[in-house]
**Q** 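The structure under discussion is supplied below as structure tokens; questions concerning it will follow.
Both counts, for ligands and for their atoms, begin at 1 and track the order of listing.
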Amino acid sequence: MNLPFKVKLVDVGPRDGLQNEKAPVPAAVKIELVHRLQEAGLKELEVASFVSPKWVPQMADGLAVMTGIERRADVRYSVLTPNMRGFEAALTAQADEIVVFASASEAFSQRNINCSIAESIERFAPVVAAAKAAGIRVRGAVSCAVGCPYEGDIAPDRVAMVAELMAGIGVQHMGVADTIGVGTPLKVQRAMEAALKYYAIDRLSGHFHDTYGQALGNTLASLQLGVWHFDTSVAGLGGCPYAKGATGNVATEDVVYMLHGMGIETGIDLDKLVDAGQYISDFLGRKPSSRVATALLNKRVG
Ligand code: HMG
Ligand code: MG
């Protein structure tokens with residue numbers, strides 16, 4: 001066991017969490033959510049996607065959100081950029097970090113970004129080069145790293161292949177994503193180990209959707225390998241428009257509770273985080289999808 005003593009969380013709630021909401025969420029609400037998350041101590045926030053507004057209408061106001069935030073110098077604000085057009089928007093928005101997103105499954109790549117894995121890497125290469133020239137950090141995400149809604153199980157060597165391609169174009173950090181939350185701890189460890197062939201442990205993160213309730217177990221399994229970066233979503237918000245039935249990322253509240261209980265630092269104030277989750281859940285008209293948030297909110301009432 002090689003447990004880290006601290007963990008960095010990227011709250012992807014404003015982006016991954018909200019991208020699939022049917023009813024529009026006004027920019028002002030997204031901005032307030034970002035403010036509450038930074039108030040809770042989150043230092044990395046995934047705020048928007050500069051993708052086609054026809055494909056993902058909920059993310060059409062990314063520039064308004066990015067420019068409306070009262071930014072803090074110690075917080076990193078990231079955005080998704082599938083191509084040069086997205087990158088230009090990220091520059092205008094003064095994003096600190098961009099995320100290029102590929103897939104370990106050919107079928108998902110086609111559905112999600114309308115091109116093959118190889119074509120996606122070709123599209124990302126100039127984006128990564130331009131970001132580096134502009135001094136902007138680059139993260140990569142590899143979707144369907146353990147399973148795909150169209151292809152089923154995904155072998156670890158697919159993850160290694162995409163990791164090698166991403167590393168080859170200069171992507172600095174890679175997220176291993178279980179897009180549809182089908183992974184179980186040992187499968188996730190195999191996917192992480194595949195990525196570790198091309199990315200050092202400090203440059204690797206876990207991004208686990210919780211569709212089958214495995215995300216906390218998968219987080220622990222990754223921690224046991226020494227992984228110390230994770231994407232999580234406040235109130236467990238989310239889903240992917242191209243992965244039918246997939247639910248949100250593991251709730252930030254649940255991960256923070258587990259980590260603090262294990263003596264692992266996050267720098268996050270759990271009570272304020274629960275407030276942030278309650279804020280957005282109230283707006284959406286439902287309860288937070290987080291066991292920890294539910295328990296703590298019940299305790300407050302009691
Ligand atoms: P395409 O159709 O292949 O590309 O889309 P295109 O260049 O032919 O453009 C099509 C239309 O999109 C054109 O508009 C472009 O102007 C516009 P039209 O002429 O039809 O009016 N367009 C853009 N508009 C705004 N910003 C841009 C942009 N680029 C083109 N950057 C594209 C390719 C990637 C754009 C499209 O497939 C797309 O937007 N897909 C959405 C992908 C997406 O956002 N998926 C969800 C996020 S990924 C995710 O959630 C997974 C992750 O969480 C990890 C995990 O859990 O797995 C990261
Ligand atoms: Mg995701």
**Q** Provide the number and element of each atom of ligand 1 under 4.0 Å from a heavy atom of Val56.
**A**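 Here the atoms of ligand 1 in question are 41 (C), 43 (C), 44 (O).
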**Q** May I ask whether Arg123 has any heavy atom positioned less than 4.0 angstrom from an atom of ligand 1?
**A**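 Flag set, Arg123 near ligand 1.
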**Q** Does Asn83, backbone or side chain, put an N or O under 3.5 Å from an N or O of ligand 1?
**A**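 The answer is yes, given that Asn83 and ligand 1 share an N or O pair closer than 3.5 Å.
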**Q** Could you check whether any side-chain heavy atom of Val182 comes within less than 4.5 Å of a side-chain heavy atom of Thr211, counting everything from C-beta outward?
**A** no
**Q** Who gets closest to atom 45 (N) of ligand 1 by heavy atom: Asn112, Ile180, Asp178?
**A**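 Minimum heavy-atom distance to atom 45 (N) of ligand 1 goes to Asn112.
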**Q** Of the listed options (His209, His207, Arg111, Met84), which comes nearest to atom 54 (C) of ligand 1 when hydrogens are ignored and any heavy atom counts?
**A**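 Minimum heavy-atom distance to atom 54 (C) of ligand 1 goes to His207.
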**Q** How about Val234 and Glu253: do any of their side-chain heavy atoms sit closer than 4.5 Å?
**A**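 Sidechains of Glu253 and Val234: in contact.
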**Q** Regarding Ser109 and Ser103, is there a side-chain donor-to-acceptor distance under 3.5 Å anywhere?
**A** no
**Q** Is Asp16 close enough to the Mg ion (ligand 2) to have an N, O or S atom under 2.8 Å?
**A** yes
**Q** Any luck finding a side-chain donor-acceptor pair between Thr247 and Asp210 under 3.5 Å?
**A** no
**Q** Side-chain contact test, heavy atoms from C-beta onward, threshold under 4.5 Å: evaluate it for His173 versus Ser205 and give yes or no.
**A** yes
**Q** List ligand 1 atoms under 4.0 Å from Ala177, heavy atoms only on the residue side.
**A**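 By the 4.0 Å cutoff, the relevant atoms are 54 (C), 55 (C), 56 (O), 57 (O).
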**Q** Are there over 12 heavy-atom neighbours, none belonging to Tyr212, within less than 6.0 Å of that residue's OH?
**A**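 Check fails, neighbour count at 12 or below.
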**Q** Any idea which N/O/S atom from His209 gets closest to the Mg ion (ligand 2)?
**A** NE2
**Q** Counting each atom of ligand 1 from 1 as listed, which ones have a heavy atom of Asp16 under 4.0 Å away?
**A** 50 (O), 53 (O)
**Q** Can you tell me if Asp16 and Ser233 form a side-chain donor-acceptor pair at under 3.5 Å?
**A**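 No, no side-chain donor-acceptor pair sits under 3.5 Å.
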**Q** Ignoring hydrogens, just give me the one of Leu80, Asn114, Val100 whose non-hydrogen atom is nearest atom 1 (P) of ligand 1.
**A** Asn114
**Q** Check whether Asp254 reaches the backbone of Val292 with its side chain - one donor and one acceptor, N or O, closer than 3.5 Å.
**A**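 Side chain of Asp254 to backbone of Val292, a donor-acceptor pair under 3.5 Å: yes, one is there.
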**Q** Distance under 4.0 Å to a non-hydrogen atom of Phe101: what atoms of ligand 1 satisfy this?
**A** 42 (C), 43 (C), 48 (S)
**Q** Taking side chain as C-beta onward, heavy atoms only, is Leu296 less than 4.5 Å from Tyr257?
**A**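 Leu296 does not reach Tyr257 side chain to side chain.
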**Q** Check this for me - ligand 1, Ser143, N or O atoms closer than 3.5 angstrom, yes or no?
**A**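 Yes: some nitrogen or oxygen of Ser143 is under 3.5 Å from one in ligand 1.
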**Q** Just distances here: any N/O of Trp55 and N/O of ligand 1 closer than 3.5 Å?
**A**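 No, no N or O pair falls under 3.5 Å.
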**Q** Is there a side-chain contact between Thr179 and Asn112 (heavy atoms, below 4.5 Å)?
**A**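 In short, these two side chains do not touch, never coming nearer than 4.5 Å.
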**Q** Looking at side-chain heavy atoms only, is the closest gap between Leu42 and Leu273 below 4.5 Å?
**A**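 In short, these two side chains touch, coming nearer than 4.5 Å.
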**Q** Using heavy-atom distances only, which candidate in Gln19, Glu119, Arg85, Arg15 approaches atom 17 (C) of ligand 1 most closely?
**A** Arg85
**Q** Does ligand 1 come near enough to Phe50 that some N or O of the ligand is less than 3.5 Å from an N or O of the residue?
**A** yes
**Q** Geometry only, no angles: is Val51 polar-contacting ligand 1 at N/O separations under 3.5 Å?
**A** yes
**Q** Compare Asn249, Asp231, Thr179 and give the one whose heavy atom is closest to atom 57 (O) of ligand 1.
**A** Thr179
**Q** Provide the number and element of each atom of ligand 1 under 4.0 Å from a heavy atom of Pro82.
**A** 34 (C)
